[in-house]
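Written out below as C-alpha coordinates is the structure these notes cover.
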Amino acid sequence: MIEAEGISKTRGGTPALDDVSLHVPQGTIHGLIGADGAGKTTLFDILVTLLRADKGTAVVGGYDTATRWREVRKTVGYMPAAFSLYGDLSVRENLEFFARIYRQPVENIVSLVGDIWRQIEPFADRPAAKLSGGMKQKLALCCAMIHDPAVLMLDEPTTGVDPTSRSEFWTALRGLADRGKTVLVSTSYMDEAAKCDCITLLHRGTVLDTLAPGQVAGHYRGTLYEIGAADTAHNTRLLRLLRGWSLSGGCYSFGDRIHLGMPLPGIRTETVVSYLRGQGTDTSLISVCPVRPTVEDLFIQLTSGAETEDSLKADNP
(Lines give C-alpha, C1' and ligand atoms only; values in the text may rest on other atoms or scores of the structure.)
Protein backbone atom coordinates (compact mmCIF):
# COMPACT_ATOMS: atom_id res chain seq x y z
CA MET A 1 0.00 0.00 0.00
CA ILE A 2 3.03 2.26 0.59
CA GLU A 3 6.14 1.62 -1.51
CA ALA A 4 9.12 3.95 -1.38
CA GLU A 5 12.39 3.12 -3.13
CA GLY A 6 15.70 4.97 -2.82
CA ILE A 7 14.23 8.25 -1.56
CA SER A 8 16.82 11.02 -1.16
CA LYS A 9 16.17 14.66 -0.34
CA THR A 10 18.36 17.65 0.52
CA ARG A 11 16.86 20.55 2.45
CA GLY A 12 18.73 23.80 2.97
CA GLY A 13 21.92 22.25 1.67
CA THR A 14 21.77 19.45 4.23
CA PRO A 15 20.89 15.84 3.31
CA ALA A 16 17.58 15.07 5.03
CA LEU A 17 17.06 11.61 3.51
CA ASP A 18 19.63 9.33 1.91
CA ASP A 19 18.46 6.31 -0.10
CA VAL A 20 15.47 5.51 2.13
CA SER A 21 13.21 2.60 1.18
CA LEU A 22 9.96 1.66 2.86
CA HIS A 23 7.38 -1.08 2.25
CA VAL A 24 4.10 -1.04 4.18
CA PRO A 25 1.48 -3.72 3.35
CA GLN A 26 -2.23 -3.04 3.61
CA GLY A 27 -3.80 -3.47 7.03
CA THR A 28 -0.59 -3.03 9.02
CA ILE A 29 0.90 -0.43 11.36
CA HIS A 30 4.42 0.58 10.39
CA GLY A 31 6.44 2.74 12.75
CA LEU A 32 9.16 5.22 11.86
CA ILE A 33 11.39 5.35 14.92
CA GLY A 34 13.98 8.04 15.38
CA ALA A 35 15.04 11.12 17.27
CA ASP A 36 14.36 14.68 16.16
CA GLY A 37 16.23 15.38 12.93
CA ALA A 38 16.13 11.76 11.78
CA GLY A 39 14.20 12.65 8.61
CA LYS A 40 10.77 11.38 9.62
CA THR A 41 8.86 14.56 8.76
CA THR A 42 10.68 14.98 5.44
CA LEU A 43 9.68 11.45 4.45
CA PHE A 44 6.06 12.16 5.39
CA ASP A 45 6.09 15.39 3.37
CA ILE A 46 7.20 13.41 0.31
CA LEU A 47 4.68 10.62 0.80
CA VAL A 48 1.76 13.05 1.17
CA THR A 49 2.96 15.06 -1.87
CA LEU A 50 3.99 18.24 -0.02
CA LEU A 51 7.57 17.74 -1.25
CA ARG A 52 9.17 16.03 -4.22
CA ALA A 53 12.11 13.73 -3.70
CA ASP A 54 15.42 14.57 -5.36
CA LYS A 55 15.87 10.87 -6.14
CA GLY A 56 13.77 7.75 -5.83
CA THR A 57 10.11 6.88 -6.27
CA ALA A 58 7.13 6.61 -3.94
CA VAL A 59 3.76 4.96 -4.53
CA VAL A 60 0.88 5.34 -2.08
CA GLY A 61 -2.35 3.43 -2.53
CA GLY A 62 -1.25 2.48 -6.04
CA TYR A 63 -0.58 6.09 -7.10
CA ASP A 64 2.79 7.62 -7.87
CA THR A 65 3.29 10.61 -5.56
CA ALA A 66 5.02 12.66 -8.28
CA THR A 67 2.54 12.18 -11.12
CA ARG A 68 -0.75 11.21 -9.41
CA TRP A 69 -0.65 13.55 -6.43
CA ARG A 70 -4.36 14.37 -6.57
CA GLU A 71 -5.29 10.71 -6.18
CA VAL A 72 -2.73 10.30 -3.38
CA ARG A 73 -4.30 13.16 -1.42
CA LYS A 74 -7.73 11.56 -1.71
CA THR A 75 -6.30 8.24 -0.52
CA VAL A 76 -4.42 9.56 2.50
CA GLY A 77 -5.51 10.89 5.88
CA TYR A 78 -2.65 12.99 7.25
CA MET A 79 -1.87 14.26 10.74
CA PRO A 80 1.19 16.56 10.76
CA ALA A 81 3.38 16.83 13.82
CA ALA A 82 2.14 20.34 14.65
CA PHE A 83 -1.51 20.76 15.62
CA SER A 84 -3.01 22.18 12.43
CA LEU A 85 -6.72 22.51 13.14
CA TYR A 86 -8.55 25.79 13.73
CA GLY A 87 -8.18 26.76 17.37
CA ASP A 88 -10.95 29.37 17.32
CA LEU A 89 -13.47 26.88 15.92
CA SER A 90 -15.21 24.40 18.17
CA VAL A 91 -14.61 20.67 18.01
CA ARG A 92 -17.84 20.20 16.07
CA GLU A 93 -17.09 23.10 13.71
CA ASN A 94 -13.66 21.71 12.87
CA LEU A 95 -15.17 18.34 12.05
CA GLU A 96 -17.93 19.92 9.94
CA PHE A 97 -15.36 22.01 8.07
CA PHE A 98 -13.35 18.96 7.01
CA ALA A 99 -16.54 17.05 6.18
CA ARG A 100 -17.54 19.82 3.76
CA ILE A 101 -14.07 19.86 2.14
CA TYR A 102 -14.29 16.15 1.41
CA ARG A 103 -18.04 16.29 0.68
CA GLN A 104 -18.77 13.67 3.28
CA PRO A 105 -21.50 13.49 5.92
CA VAL A 106 -20.06 14.36 9.32
CA GLU A 107 -21.86 11.32 10.74
CA ASN A 108 -19.26 9.14 8.97
CA ILE A 109 -16.91 9.64 11.87
CA VAL A 110 -19.06 7.57 14.22
CA SER A 111 -18.64 4.43 12.13
CA LEU A 112 -14.96 5.12 11.37
CA VAL A 113 -13.54 6.06 14.77
CA GLY A 114 -16.57 5.96 17.03
CA ASP A 115 -14.65 5.18 20.21
CA ILE A 116 -12.40 8.21 19.79
CA TRP A 117 -15.30 10.48 18.82
CA ARG A 118 -17.31 9.44 21.87
CA GLN A 119 -14.41 10.51 24.09
CA ILE A 120 -14.33 14.04 22.67
CA GLU A 121 -18.06 14.45 21.93
CA PRO A 122 -18.77 15.91 25.42
CA PHE A 123 -16.46 18.79 24.41
CA ALA A 124 -18.08 19.31 21.00
CA ASP A 125 -18.81 23.00 21.65
CA ARG A 126 -15.39 23.80 23.14
CA PRO A 127 -12.86 25.73 21.00
CA ALA A 128 -10.16 23.38 19.76
CA ALA A 129 -7.45 25.61 21.26
CA LYS A 130 -8.91 24.96 24.73
CA LEU A 131 -8.58 21.16 24.50
CA SER A 132 -5.92 19.16 26.29
CA GLY A 133 -3.06 17.75 24.22
CA GLY A 134 -4.63 14.31 24.10
CA MET A 135 -8.04 15.64 23.07
CA LYS A 136 -6.47 17.80 20.34
CA GLN A 137 -4.84 14.75 18.81
CA LYS A 138 -8.04 12.73 19.01
CA LEU A 139 -9.86 15.54 17.20
CA ALA A 140 -7.10 15.65 14.59
CA LEU A 141 -7.50 11.90 14.04
CA CYS A 142 -11.25 12.32 13.56
CA CYS A 143 -10.69 15.07 10.99
CA ALA A 144 -8.06 13.00 9.15
CA MET A 145 -10.46 10.05 8.97
CA ILE A 146 -13.61 11.92 7.86
CA HIS A 147 -13.20 10.88 4.19
CA ASP A 148 -12.51 7.24 5.08
CA PRO A 149 -8.94 7.15 3.67
CA ALA A 150 -7.28 3.85 2.86
CA VAL A 151 -3.95 5.11 4.22
CA LEU A 152 -3.39 7.01 7.45
CA MET A 153 -0.10 8.89 8.00
CA LEU A 154 0.58 10.28 11.45
CA ASP A 155 3.69 12.31 12.25
CA GLU A 156 4.48 11.98 15.99
CA PRO A 157 0.79 12.02 17.01
CA THR A 158 1.38 11.34 20.71
CA THR A 159 4.17 13.81 21.49
CA GLY A 160 3.29 15.59 24.72
CA VAL A 161 0.20 13.45 25.26
CA ASP A 162 -0.52 11.87 28.66
CA PRO A 163 -0.01 8.08 29.02
CA THR A 164 -3.73 7.26 29.17
CA SER A 165 -4.50 9.18 25.98
CA ARG A 166 -1.48 7.61 24.29
CA SER A 167 -2.83 4.15 25.10
CA GLU A 168 -6.32 5.05 23.86
CA PHE A 169 -4.86 6.52 20.68
CA TRP A 170 -2.90 3.36 19.89
CA THR A 171 -5.93 1.19 20.61
CA ALA A 172 -7.78 3.21 17.96
CA LEU A 173 -4.94 2.76 15.47
CA ARG A 174 -4.93 -0.99 16.00
CA GLY A 175 -8.67 -1.08 15.39
CA LEU A 176 -8.24 0.83 12.11
CA ALA A 177 -5.49 -1.52 10.94
CA ASP A 178 -7.63 -4.54 11.82
CA ARG A 179 -10.30 -3.11 9.52
CA GLY A 180 -7.84 -2.92 6.63
CA LYS A 181 -6.45 0.60 6.97
CA THR A 182 -2.74 1.05 6.34
CA VAL A 183 -1.09 3.12 9.06
CA LEU A 184 2.32 4.80 8.91
CA VAL A 185 3.19 6.48 12.20
CA SER A 186 6.35 8.18 13.40
CA THR A 187 7.36 8.41 17.04
CA SER A 188 10.33 9.17 19.24
CA TYR A 189 8.81 7.02 22.02
CA MET A 190 10.62 3.69 21.86
CA ASP A 191 7.93 1.90 23.89
CA GLU A 192 5.41 2.60 21.12
CA ALA A 193 7.49 0.56 18.68
CA ALA A 194 6.17 -2.65 20.27
CA LYS A 195 2.66 -1.65 19.20
CA CYS A 196 3.64 -1.70 15.50
CA ASP A 197 3.67 -4.68 13.14
CA CYS A 198 6.98 -3.49 11.70
CA ILE A 199 9.37 -0.65 12.43
CA THR A 200 12.02 1.26 10.52
CA LEU A 201 14.81 2.82 12.55
CA LEU A 202 15.92 6.16 11.08
CA HIS A 203 19.04 8.09 12.03
CA ARG A 204 20.25 11.25 10.30
CA GLY A 205 18.27 10.49 7.18
CA THR A 206 19.38 6.89 6.72
CA VAL A 207 17.69 3.58 7.49
CA LEU A 208 19.54 1.68 10.21
CA ASP A 209 17.25 -1.36 10.18
CA THR A 210 13.73 -2.52 9.37
CA LEU A 211 12.26 -5.33 11.43
CA ALA A 212 9.30 -6.62 13.41
CA PRO A 213 9.44 -5.72 17.13
CA GLY A 214 9.75 -9.41 17.98
CA GLN A 215 12.97 -9.62 15.94
CA VAL A 216 14.91 -7.10 18.03
CA ALA A 217 16.89 -9.70 20.01
CA GLY A 218 17.97 -11.41 16.80
CA HIS A 219 19.25 -8.15 15.31
CA TYR A 220 21.18 -7.14 18.43
CA ARG A 221 24.92 -7.88 18.23
CA GLY A 222 26.33 -9.67 21.26
CA THR A 223 24.90 -9.89 24.77
CA LEU A 224 23.18 -7.17 26.79
CA TYR A 225 23.67 -7.06 30.55
CA GLU A 226 21.62 -5.13 33.08
CA ILE A 227 23.45 -3.93 36.17
CA GLY A 228 21.64 -2.75 39.27
CA ALA A 229 23.13 -1.22 42.40
CA ALA A 230 21.61 -1.36 45.86
CA ASP A 231 22.35 2.36 46.06
CA THR A 232 21.79 4.10 42.72
CA ALA A 233 24.16 6.85 43.84
CA HIS A 234 26.93 4.43 42.80
CA ASN A 235 25.69 4.37 39.18
CA THR A 236 27.89 7.28 38.13
CA ARG A 237 31.03 5.44 39.21
CA LEU A 238 29.84 2.18 37.64
CA LEU A 239 29.17 3.96 34.35
CA ARG A 240 32.67 5.46 34.37
CA LEU A 241 34.29 2.10 35.06
CA LEU A 242 32.28 0.22 32.44
CA ARG A 243 32.76 2.85 29.76
CA GLY A 244 36.51 2.62 30.30
CA TRP A 245 36.56 -1.16 29.93
CA SER A 246 38.19 -2.30 26.70
CA LEU A 247 35.63 -5.11 26.27
CA SER A 248 32.62 -2.81 26.63
CA GLY A 249 30.56 -2.24 23.52
CA GLY A 250 28.53 0.60 25.02
CA CYS A 251 27.19 1.49 28.45
CA TYR A 252 24.34 3.84 29.42
CA SER A 253 21.73 4.53 32.05
CA PHE A 254 18.43 2.72 31.57
CA GLY A 255 16.01 4.01 34.17
CA ASP A 256 17.58 3.39 37.58
CA ARG A 257 19.78 0.65 36.14
CA ILE A 258 22.68 0.39 33.71
CA HIS A 259 22.73 -1.43 30.39
CA LEU A 260 26.04 -2.80 29.15
CA GLY A 261 26.47 -4.12 25.63
CA MET A 262 29.08 -6.84 25.10
CA PRO A 263 29.55 -7.39 21.35
CA LEU A 264 32.23 -10.09 21.65
CA PRO A 265 30.99 -13.70 21.91
CA GLY A 266 31.71 -15.77 25.00
CA ILE A 267 31.59 -12.93 27.56
CA ARG A 268 29.93 -14.40 30.63
CA THR A 269 28.29 -12.75 33.62
CA GLU A 270 31.24 -13.80 35.77
CA THR A 271 33.58 -11.81 33.50
CA VAL A 272 31.65 -8.60 34.12
CA VAL A 273 31.52 -9.23 37.87
CA SER A 274 35.25 -10.05 37.98
CA TYR A 275 36.13 -6.84 36.13
CA LEU A 276 34.11 -4.68 38.54
CA ARG A 277 35.58 -6.48 41.55
CA GLY A 278 39.06 -5.85 40.18
CA GLN A 279 38.22 -2.13 40.01
CA GLY A 280 37.44 -2.05 43.71
CA THR A 281 33.66 -2.49 43.50
CA ASP A 282 31.84 -4.37 46.26
CA THR A 283 30.02 -6.76 43.94
CA SER A 284 27.83 -8.07 46.77
CA LEU A 285 25.92 -4.80 46.47
CA ILE A 286 25.19 -5.05 42.73
CA SER A 287 23.36 -7.42 40.41
CA VAL A 288 24.54 -8.38 36.93
CA CYS A 289 22.34 -10.41 34.61
CA PRO A 290 21.77 -10.81 30.85
CA VAL A 291 18.53 -9.25 29.59
CA ARG A 292 16.56 -9.24 26.36
CA PRO A 293 17.32 -6.10 24.31
CA THR A 294 14.53 -3.59 23.72
CA VAL A 295 14.04 -1.45 20.62
CA GLU A 296 15.78 1.35 22.48
CA ASP A 297 18.82 -0.85 23.16
CA LEU A 298 19.05 -1.84 19.49
CA PHE A 299 18.61 1.76 18.40
CA ILE A 300 21.42 2.92 20.71
CA GLN A 301 23.70 0.17 19.42
CA LEU A 302 23.00 0.98 15.78
CA THR A 303 23.29 4.75 16.16
CA SER A 304 26.58 4.34 18.04
CA GLY A 305 27.89 2.26 15.16
CA ALA A 306 26.68 4.79 12.60
CA GLU A 307 28.36 7.67 14.43
CA THR A 308 31.61 5.70 14.63
CA GLU A 309 31.53 5.13 10.86
CA ASP A 310 30.85 8.86 10.28
CA SER A 311 33.81 9.74 12.49
CA LEU A 312 36.09 7.37 10.59
CA LYS A 313 34.99 8.84 7.25
CA ALA A 314 35.65 12.35 8.54
CA ASP A 315 39.14 11.37 9.71
CA ASN A 316 39.90 9.58 6.42
CA PRO A 317 38.25 11.61 3.64
Would you sort out whether Thr223 and Ile267 count as a side chain to side chain contact (heavy atoms under 4.5 Å, CB included), showing the intermediate values? CA-CA 8 Å; Thr223 304; Ile267 303 297; over 6 Å; no
Contacts under 3.5 angstrom, residues 34-47 side chains, donor-acceptor by atom type, not counting sequence neighbours:
from, atom 1, to, atom 2, distance (Å)
Lys40, NZ, Gly34, O, 2.8
Lys40, NZ, Ala35, O, 3.0
Lys40, NZ, Glu156, OE2, 3.1
Thr41, OG1, Asp155, OD2, 2.7
Thr42, OG1, Arg11, NH1, 3.0

Answer whether the closest heavy-atom distance between the side chains of Lys74 and Tyr63 falls below 4.5 Å. no
Would you say Ser90's side chain and Glu93's backbone share a donor-acceptor pair under 3.5 angstrom? yes
d(Arg277 CZ, Ile286 CD1) to nearest 0.5 Å is 9.0 Å
Using the rule that two of Ile, Leu, Val, Met, Phe, Trp, Tyr join whenever any of their side-chain heavy atoms come within less than 4.5 Å, decide whether Ile120 and Leu176 are in one cluster. yes
Hphob cluster co-occupancy, Leu173 + Ile146, side-chain heavy atoms under 4.5 angstrom: yes
Of His203, Gln215, Gln301, His219, which is the lone residue that meets side-chain hydrogen bond (donor to acceptor under 3.5 Å, both in side chains) with Asp209? His219
Shortest non-hydrogen contact from Ser284 toward Asp282: OG-OD1, 2.6 Å
Checking Asp162 side chain against Gly134 main chain: does a donor-acceptor pair fall under 3.5 Å? no
So which atom in Pro290 and which in Tyr225 form the shortest heavy-atom distance, rounded to 0.1 Å? N-CD2, 3.6 Å
Provide the closest heavy-atom pair for Ser287 versus Arg257 in the form atom of the first, atom of the second, distance. OG-NH1, 3.5 Å
Between Asp18 (side chain) and Thr206 (backbone), is there a donor-acceptor pair under 3.5 Å? no
Ser248 (side chain) donor-acceptor with Gly250 (main chain) under 3.5 angstrom: yes
Does a sphere of radius 6.0 Å around CZ in Arg237 hold more than 12 heavy atoms from other residues, nucleotides or ligands, not counting ones at 6.0 Å or beyond? yes
Would you kindly confirm whether Val288 and Val291 end up in one hydrophobic cluster when ILVMFWY residues are joined by side chain heavy atoms under 4.5 Å apart? no
Quick one: do Arg174 and Asp197 make a salt bridge, cutoff under 4.0 Å? yes
Identify the two heavy atoms, one from Ala128 and one from Lys136, that lie closest to each other, and give their separation to 0.1 Å. O-CE, 3.5 Å
Kindly indicate whether the side chain of Phe123, heavy atoms from C-beta on, has any atom under 4.5 Å from the side chain of Leu139. no
Contact summary for His30 and Ile199, nearest pair of heavy atoms: NE2-C, 3.9 Å
Hey, could you give me the OG1/CZ distance between Thr49 and Arg70, rounded to the nearest 0.5 Å? 10.0 Å
Student check: side-chain heavy atoms of Val185 and Pro157 closer than 4.5 Å: yes
Short question: side chain of Lys138, backbone of Phe169 - any donor-acceptor pair under 3.5 Å? no
Surrounding CZ of Arg243 (heavy atoms of other residues, nucleotides or ligands, distance under 6.0 Å), is the total greater than 12? yes
Is the closest side-chain heavy-atom distance between His147 and Ile101 below 4.5 Å? no
State the CG-CD distance between Leu154 and Gln137, to the nearest 0.5 angstrom. 9.0 Å
Begin with the C-alpha distance, continue with both residues' side-chain angles, and end with the deciding distance and a verdict on side chain to side chain contact (heavy atoms under 4.5 Å, CB included) for Gln279 and Trp245. CA-CA 10 Å; Gln279 298 298 311; Trp245 190 16; over 6 Å; no
Which word best sums up how the rings of Tyr86 and Phe97 line up, parallel for under 30°, tilted for 30 to 60°, or perpendicular for over 60°? perpendicular
Would you say the side chain of Val207 lies within less than 4.5 Å of the side chain of Leu22, judging by non-hydrogen atoms? no
Lys181 versus Asp148: any side-chain heavy-atom pair under 4.5 Å? yes
State whether the side chain of Asn94 and the backbone N or O of Val91 hold a donor-acceptor pair below 3.5 Å, judged by distance alone. no
Examine Ile2 and Leu50 and state if one hydrophobic cluster contains both, with Ile, Leu, Val, Met, Phe, Trp and Tyr joined whenever side-chain heavy atoms are less than 4.5 Å apart. yes
Donor-acceptor contact below 3.5 Å, side chain Asp64 vs main chain Thr57: no
Separation of Asp191 CG from Thr294 OG1 (nearest 0.5 Å): 10.0 Å
Within the side chain of Tyr275, is there an N or O that forms a donor-acceptor pair under 3.5 Å with the backbone of Leu241? yes
CD of Glu121 to SG of Cys142, rounded to nearest 0.5 Å, is 10.0 Å
Residue pair Asp125, Arg92: steps toward the side chain to side chain contact (heavy atoms under 4.5 Å, CB included) verdict: CA-CA 6 Å; Asp125 297 322; Arg92 191 186 311 278; 3.9 Å; yes
In terms of heavy-atom contacts, Tyr189 and Gly160 come closest through OH-N, 3.3 Å
Donor-acceptor contact below 3.5 Å, side chain Thr171 vs main chain Ser167: yes
Please tell me whether Met145 and Val24 are part of a single hydrophobic cluster in this structure, the criterion being side-chain heavy atoms less than 4.5 Å apart. no
Set out, in order, the CA-CA distance, both residues' side-chain angles and the distance that settles side chain to side chain contact (heavy atoms under 4.5 Å, CB included) for Asn235 and Ser253, then state yes or no. CA-CA 8 Å; Asn235 281 1; Ser253 296; 5.7 Å; no
Check whether any side-chain heavy atom of Leu211 sits under 4.5 Å from a side-chain heavy atom of Val216, and report yes or no. yes
With a 4.5 Å heavy-atom cut-off, do Glu270 and Val273 have their side chains touching? no
Separation of Cys289 SG from Ile227 CD1 (nearest 0.5 Å): 9.0 Å
Determine yes or no for a side-chain-to-main-chain donor-acceptor pair under 3.5 angstrom, with Thr303 supplying the side chain and Phe299 the backbone. yes
